[in-house]
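Heads up: the structure comes next, in structure tokens.
Scope of the values below: all heavy atoms of this structure, side chains included, with no hydrogens, waters or symmetry mates. Note on naming: letters A, B, ... go to the chains in the order of the sequence lines (proteins, then strands), and numbering restarts at 1 for each one.
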Amino acid sequence: MAVARPLDFYSVHTYGHGLHQHNPLRPSEALQYKLRGASKPCLVSFSSKFHTFCSKVQFLQNPSILGRGLSRDSSLDEVLSAGQLIKEYVEDGNGEDAITIYVKMLEFGLPVEEFRFFPCLIKAFGGLSDVGKAREVHGHVLKLGVLDDVYDVNSLLGVYWKCGAIEDAVQMFEKMCKRDLVSWNTVISGLCHSGDYMGSLRMFSRMIHDHWVLPNRVACLSALTSCSSVQSLVHGRELHGFVVKREIDTDQFLVSGLIDMYMKCGDVKNAEYVFRSIINEESIRGNPVIWNVMISGYVANGCLSHAVEVFLEMLSIGLSPDTSTMVAVIVLCSQMLDLAFGRQMHKFCFGIQLNNDARVETALMDMYFKCGDSKAGLEIFQRSLNRNMVMWGAIISNFAQSSRPDEALNLFHNIY
DNA sequence: ATAGGGTTAG
């Protein structure tokens with residue numbers, strides 16, 4: 001197991017006020033800590049929420065405790081209540097405060113080996129996106145000896161992926177002596193997110209053939225994303241068969257994933273087959289994403305009239321289009337060079353209050369330029385409250401391609 | 001307790 005530098009707060013733990021000094025500091029470390037003084041004892045700053053914690057956990061209200069120490073029982077109570085609090089904070093998405101609380105526990109020398117929420121605490125480190133901190137917590141739990149638990153290792157694995165520390169994550173996965181479905185899913189989706197699509201597919205296959213573990217819907221979904229990204233119809237079809245055999249082919253996410261995979265691979269017929277064979281299921285029918293992948297898939301494959309038909313069918317059953325639907329339909333108008341339909345869709349966007357969406361605005365602006373109404377396109381740009389780099393890029397390239405390259409240069413200068 | 005998701009503007 002790769003252990004990096006010890007935790008910043010690890011030395012705090014052993015330095016002192018504490019009850020448990022079974023890991024005495026080497027002199028140099030102690031000196032380092034003394035030199036650091038109080039300037040950097042914590043990973044994160046105090047927040048207002050921390051004061052809530054202060055009132056809940058009494059040892060912070062009662063600093064005299066430091067001088068005399070706590071009984072074994074009451075320090076266990078502190079660990080328990082702090083653990084509860086850490087769990088709540090992480091569930092609220094407030095990982096930084098959760099970490100602060102843990103650091104405080106170390107500072108006060110509480111017996112953290114009794115702490116029961118390491119997976120939760122470790123997960124909070126994912127939000128820091130800091131490989132250094134991830135390695136610190138890794139070293140910390142390793143020294144505490146709690147890293148035998150598959151939950152803890154899985155959480156750490158997830159943190160490494162979140163930090164983009166691919167090497168650390170892969171190495172850790174390979175050295176795991178016990179892996180469960182979550183371990184496999186974490187590494188498969190991690191590889192997929194890092195752009196190693198074939199690697200994630202190989203891992204999927206290794207999971208089945210070398211380890212006799214059957215992938216669940218989570219793994220299948222990641223693998224489908226990989227197939228779409230590398231446009232591998234061979235792997236995609238194989239995966240489709242697997243999904244059917246496992247009888248998870250009615251899962252909404254897998255249905256949209258399958259349709260999207262076929263569309264991205266250019267296999268419109270199989271996308272249609274999946275769509276038509278499931279769309280009458282009540283649960284699938286009401287899910288706009290299924291319709292969106294069909295519409296955008298048709299547009300991407302140039303099947304424009306089919307896209308319109310599916311869009312109208314979607315409206316006819318009373319589903320309301322969202323940003324993705326409208327973007328796909330507006331792109332469709334540009335491709336058909338159908339200004340009248342484009343204007344109609346523009347009005348429609350006002351009706352469903354999507355006219356202030358950056359992506360819809362960009363699509364509309366681009367559509368007006370492509371269909372020859374650059375005045376309307378410019379107006380959208382000028383009125384927009386959501387101008388971003390994509391929108392700027394779109395208007396500049398449209399002007400550059402039009403008869404007004406000078407206008408493109410003017411706009412370009414305005415950026416800087 | 002840990003992993004995990006589909007569409008989406010130049």
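- Spacing between atom CG of A:L157 and atom P of B:dA3 amounts to 10 Å, rounded to whole angstrom units.
- Taking all atoms of both residues into account, the shortest heavy-atom contact from A:P111 to A:L76 is CG-CD2, 4.3 Å.
- Judged by atom type and distance alone, A:S324 reaches the base of B:dT7 through a side-chain donor-acceptor pair under 3.5 Å.
- Set against B:dT7, B:dA1, B:dT2, the side chain of A:D180 has B:dT2 as its closest nucleotide.
- Remark: aromatic rings of A:F115 and A:Y102 are close, center separation under 6.0 Å.
- A straight line from CD of A:E91 to C1' of B:dT2 spans 13 Å, rounded to a whole angstrom.
- Within the 4.0 angstrom heavy-atom criterion, base atoms lie near A:I290.
- Between A:F399 and A:F369, the ring center distance clears the sub-6.0 Å criterion.
- Stacking between A:F253 and the base of B:dG6 is absent under the criterion of ring centres within 5.5 Å and planes under 30 degrees.
- Distance, A:I295 CD1 to B:dG6 P: 18 Å, rounded to whole Å.
- Not counting sequence neighbours, the partners of A:K269 by the salt bridge (charged side-chain N to carboxylate O under 4.0 Å, His left out) test are A:E272.
- A donor N or O paired with an acceptor N or O is found under 3.5 Å between the base of B:dA9 and the side-chain atoms of A:N388.
- With a 4.5 Å cut-off on side-chain heavy atoms, A:L364 and A:V360 count as touching.
- If you check B:dA3, B:dT7, B:dG6 against the side chain of A:S256, the one that comes closest is B:dG6.
- Nucleic acid contact class of A:K123 (heavy atoms, under 4.0 Å, all strands): sugar-phosphate only.
- Between A:F275 and A:W291, the distance separating the two ring centers is shorter than 6.0 angstrom.
- For A:S296, a side-chain nitrogen or oxygen approaches OP1 or OP2 of B:dT8 to under 4.0 Å.
- The residue A:N398 sits apart from the nucleic acid: no heavy atom pair falls under 4.0 Å.
- Proximity note for A:V218 (side chain, C-beta onward) versus B:dA3, B:dT2, B:dG10: the nearest is B:dA3.
- The distance between atom NZ of A:K87 and atom C1' of B:dA1, rounded to the nearest whole Å, is 8 Å.
- We find that CZ of A:F275 is positioned 14 Å from C1' of B:dG6, with the value rounded to whole Å.
- A close approach under 4.0 Å does occur between a side-chain nitrogen or oxygen of A:K264 and OP1 or OP2 of B:dT8.
- Comparing atom distances between the A:T362 side chain and each of B:dG6, B:dA9, B:dT7 picks out B:dA9 as nearest.
- Salt-bridge check for A:D267 with A:R237: passed, with a basic side-chain N closer than 4.0 Å to an acidic carboxylate O.
- Atom C1' of nucleotide B:dA3 and atom CZ of A:F173 are separated by 12 Å, given to the nearest angstrom.
- Across all strands, A:V289 comes closer than 4.0 Å to base atoms (heavy-atom distances).
- Residues passing the salt bridge (charged side-chain N to carboxylate O under 4.0 Å, His left out) test with A:E91, sequence neighbours excluded: A:K87.
- Residues from residues 345-361 of chain A placing a heavy atom under 4.0 Å of any atom in DNA chain B, listed by number, are A:A358, A:R359.
- Of the candidates B:dG4, B:dT2, B:dG10, B:dT2 carries the atom nearest the A:P119 side chain, counting heavy atoms from C-beta on.
- Taking the side chain of A:V327 as heavy atoms from C-beta on, and the options B:dT2, B:dT7, B:dA9, the nearest nucleotide is B:dA9.
- B:dA9 atom C1' lies 10 Å from atom CG of A:L364, rounded to whole Å.
- Remark: C1' of B:dG6 and NE2 of A:H193 are 12 Å apart, rounded to the nearest angstrom.
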